[in-house]
Undergrad: 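Got a structure for you, written out below as structure tokens; questions coming shortly.
As the structure is a computational prediction, the values presented were derived from the model and not from experiment.
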Amino acid sequence: MPDVAEILIPLALDTAYSYVVPEGLRLAEGDVVQVPLGPRETVGVVWGLSHSPGGSNLRPVTGRVDVAPLSEPLRRLVDWIARYTLAPKGSALALVLRLPDEAAARETARVAVRVSGKPPARRTAARDKVLAAAGDGALHGKSALAKRAGVSLGVVDGLIDDGALEAVAVEPEPVAPPPDPDHPRVPLSEAQEAAAALLMPTAAIPLDPSSAGPLPLAERGRGGGGSESSAPVPSEPSPPPAPPRKGEERPIADRRDHSGQFSSLTPTLSRTEAGAGRGAGAGAVLLEGVTGSGKTEVYFEAVAHCVRAGRQALILMPEIALTAQFLDRFAARFGVRPAAWHSGIGGKRRERLRAAVAAGEALVVVGARSALFLPFRNLGLIVVDEEHEAAYKQEDGVHYHARDMAVVRGRLEGCPVVLASATPSIETRVNAERGRYRHVRLPERFGGRRLPDITAIDMRLDGPERGRFLSPPLINAIKANLAAGEQALLFLNRRGYAPLTLCRACGHRYRCRNCSTWLVEHRFRKALVCHQCGYAEPRPQACTECGTFDNLTPCGPGVERIAEEVSELFPDRRVIVLSSDFPGGAERLRMELEAVAAGECDIVVGTQLVAKGHNFPHLTLVGVLDADIGLTSGDPRAAERTFQLLQQVTGRAGRGERPGRALVQTYQPTHPVIAALLSGDAERFYAEEVMAREAAGLPPFGRLAALVVSAAEREAAEAHGQALARAAEPPPGVMVLGPAEAPLALVRGRYRFRLLVKTERNIDLQGYLRHWLARAPKPRGNLRVAVDVDPQSFL
DNA sequence: AGCACGCCGACT
DNA sequence: GTCGGCGTGCTC
């Protein structure tokens, strides 16, 4: 009775393939194997094993690959991600399975040399220099020694062959030195202690036994782990519905009532699937703390707790936040830098770290998105820092949101997940609200520092002079601030000098030839640049359209223009412009940021780059030059994003001795975003956002797309649109809402019938709808069907 | 992912 | 008349 193995191959295949297990090969689920596939050999993972009664004509498994097998939770994560993101299972497997790459294998081990004591058989001047440089009995890197002696590597090699130098294989420095959870640290504030205690798994040992009293009810969040909640429990079965099967009938989604249909907004697992038995303390916690409240220190305590228990911890961060500054903070708490995983680490180091993670030796890994798929052996905690960051969204290949997948992995591994942010995303707030996540707040700033006072400057009343962008109240505030010897930050989320250039003679506006956007003037570079595609041309002297000389005029401000104005107002002050296109590259930018933090500058003019990451201890005034930017964009998340950005930027003020303040220039002081910023009432703002979306018939978050049927005849377009809505089974996880509000439009001589489609998931909606359309009723004759996804339509 | 098959434009 | 573009399909 031959054994049959179901092998999942990391290709875009949705099913595992069957192979016979040859005599003598013992396989277990999760084993990595090599199998024949068509004309070649590939790797795959044993996804299932069974006995086949008869003989079979299946091809045999070639053999096992000597790497750590995929753990059960990890295999289930693959299944889950595939089902949730509507991606082929094999593609999901590819996220996890990275074979030791050949380039890494070819890297040679480092060799060091030292003087053996045996005199060289032959002496030359070059050899003497090397021996002199090697001096003592200390170890030297081969090439370093050659360099120091001023000779070529050949001489050193010659001495090794000779026996005068002995070669010693260098023990590679540990990829993940053990962090010390009890490393001396600065004591936490009371609020931090309390929050840290709340992060600990409820069933586990409290952080500090003496402080482990009953928890204040308000801090407890609703619903503990989520499942015992009295809040409405999602009625929709989760995990998500299975992928479509041919011929299977499915009722069309109720198109009128979408209330209650969005309960599987974020990954959830049924209890049975949630790592039953290991699940003590599992569940997600939103750790919300205002800028400067010391969130990091709080979750470091949870990490320490996890390490003490001998389990592994993963800290996920957006790639840009993964800085040396953060690693140093970690080192200050744990005595060593953590193992860092990001796209930049490669070769041997990557492989060794992966192996250390699989072996359970790497206790703490700090990593970007992809670290989520490392083969942890006994994961005890996941922290997702800056939970709201859009960088967690993977938008090619398998589309997923790393934050959500982290929650899923936590459930599968039976470990808690901490989502940390000063400005949590709307979906996480909704989840906390509904009792799915616990909610822990850090309302105070560390060291008793106060939040900055935020005041609006109504530009309709107190606006600047013509052609200027700084209002008198803001100028006065800067003056006062400078007089007090403190730093000011002027924030404008626009790079360059001016976002639009036009010719005063003919009115020609300079736009990108590839995109439909305006070309942004960069005065420093003397160029007009497209911020969409990077196209650039030298700034012309004469209008390229009408030839008029010296009559081009910049419209609107960018940071360079603001800096110019500031320099005119305060000629003897040090002003710096900080934006992502900083001349000299990322390295110089980092140095400048440090210089600013050290106080070597009076006024910073910056884009959103200054909103996060770096701390500026001397900064007490933030001026927002145009709070209205972004409010009117087509992005349905515009309000939320703008609010988060403004909250982060204004939060930069006041880390010095006196509380900071922020002045916000706006033409719409009563706009909900501005009002919320001024009142600081984020909760209410988000509640209102959700209500507004509900009122508009939209889910609190998700993605919208439109199926566009177009035809020369109005009737044909409409009929086919209706047919699509009715006859075709919508893709799982996607809902056809029916005709959009204005379903018919005449565009360039063709009638367009629009069907609104939505999903609450972070998936490749466009790709999936195309796939779905291929199976839907075929359009006939003059009809065309297209999928139109607003690229920014993540609600 | 590879590699095949397959149907429409510019060329020895 | 072919060479070749890369659009779907298949690999147990």
Undergrad: For DNA chain C, which nucleotides open and close the run of contacts to chain A, 5' to 3', at under 4.0 angstrom from a non-hydrogen atom?
TA: C/dT11 to C/dC12
Undergrad: Students often get this wrong, so: under 4.0 angstrom with heavy atoms, is A/P10 touching a base, only sugar-phosphate, or nothing?
TA: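 Since no nucleic acid heavy atom lies under 4.0 Å of A/P10, the category is nothing.
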Undergrad: Any residue in residues 17-27 of chain A with a heavy atom nearer than 4.0 angstrom to DNA chain C? Just list them by number, or reply none.
TA: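 Contacts with DNA chain C under 4.0 Å: A/Y17, A/S18, A/Y19.
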Undergrad: Give every pair of a protein N or O atom and an N or O atom of nucleotides 2-6 of chain B that lie under 3.5 Å apart, one pair per line with the distance.
TA:
none

Undergrad: Just to verify, what does A/D3 make a salt bridge (Lys or Arg N to Asp or Glu O under 4.0 Å) with, not counting sequence neighbours?
TA: none
Undergrad: For A/P36, enumerate each residue passing the side-chain contact (heavy atoms from CB on, under 4.5 Å) test, keeping only those at least two apart in sequence or located in another chain.
TA: A/Y19, A/E41, A/R59, A/T62
Undergrad: If I take atom NE2 from residue A/H401 and atom CZ from residue A/R761, how far apart are they, to the nearest 0.5 angstrom?
TA: 15.0 Å
Undergrad: Not counting sequence neighbours, list each pair that qualifies as a ring-ring contact (aromatic ring centres under 6.0 Å, His included) and has a residue in residues 27-51 of chain A.
TA: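 Every pair satisfying ring-ring contact (aromatic ring centres under 6.0 Å, His included) with a residue in residues 27-51 of chain A: there are none.
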Undergrad: Counting the atoms with a prime plus P, OP1 and OP2 as sugar-phosphate, which does A/I7 contact under 4.0 Å by heavy atoms, base, sugar-phosphate, or nothing?
TA: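 If one applies the 4.0 Å heavy-atom cut-off, A/I7 turns out to touch nothing in the nucleic acid.
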Undergrad: Could you work out, with side-chain hydrogen bond (donor to acceptor under 3.5 Å, both in side chains) as the rule, every residue matching A/D396, not counting sequence neighbours?
TA: A/Q394
Undergrad: Output all residues satisfying salt bridge (Lys or Arg N to Asp or Glu O under 4.0 Å) with A/R352, sequence neighbours left out; order by chain, then residue number.
TA: none
Undergrad: Using the test side-chain contact (heavy atoms from CB on, under 4.5 Å), find all partners of A/A94 that sit at least two apart in sequence or belong to another chain.
TA: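 Result, side-chain contact (heavy atoms from CB on, under 4.5 Å) vs A/A94: A/P10.
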Undergrad: Tell me, which pairs form a ring-ring contact (aromatic ring centres under 6.0 Å, His included) where one or both residues lie in residues 351-376 of chain A, sequence neighbours left out?
TA: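 Checked against ring-ring contact (aromatic ring centres under 6.0 Å, His included) - neighbours excluded - the pairs reaching residues 351-376 of chain A are A/F373-A/Y400.
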Undergrad: A/H399: what forms a side-chain contact (heavy atoms from CB on, under 4.5 Å) with it, not counting sequence neighbours?
TA: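 Per chain and number, A/H399 pairs via side-chain contact (heavy atoms from CB on, under 4.5 Å) with A/E395, A/D764.
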Undergrad: Just jot down the side-chain hydrogen bond (donor to acceptor under 3.5 Å, both in side chains) partners of A/E587, sequence neighbours excluded, or say none.
TA: A/R590
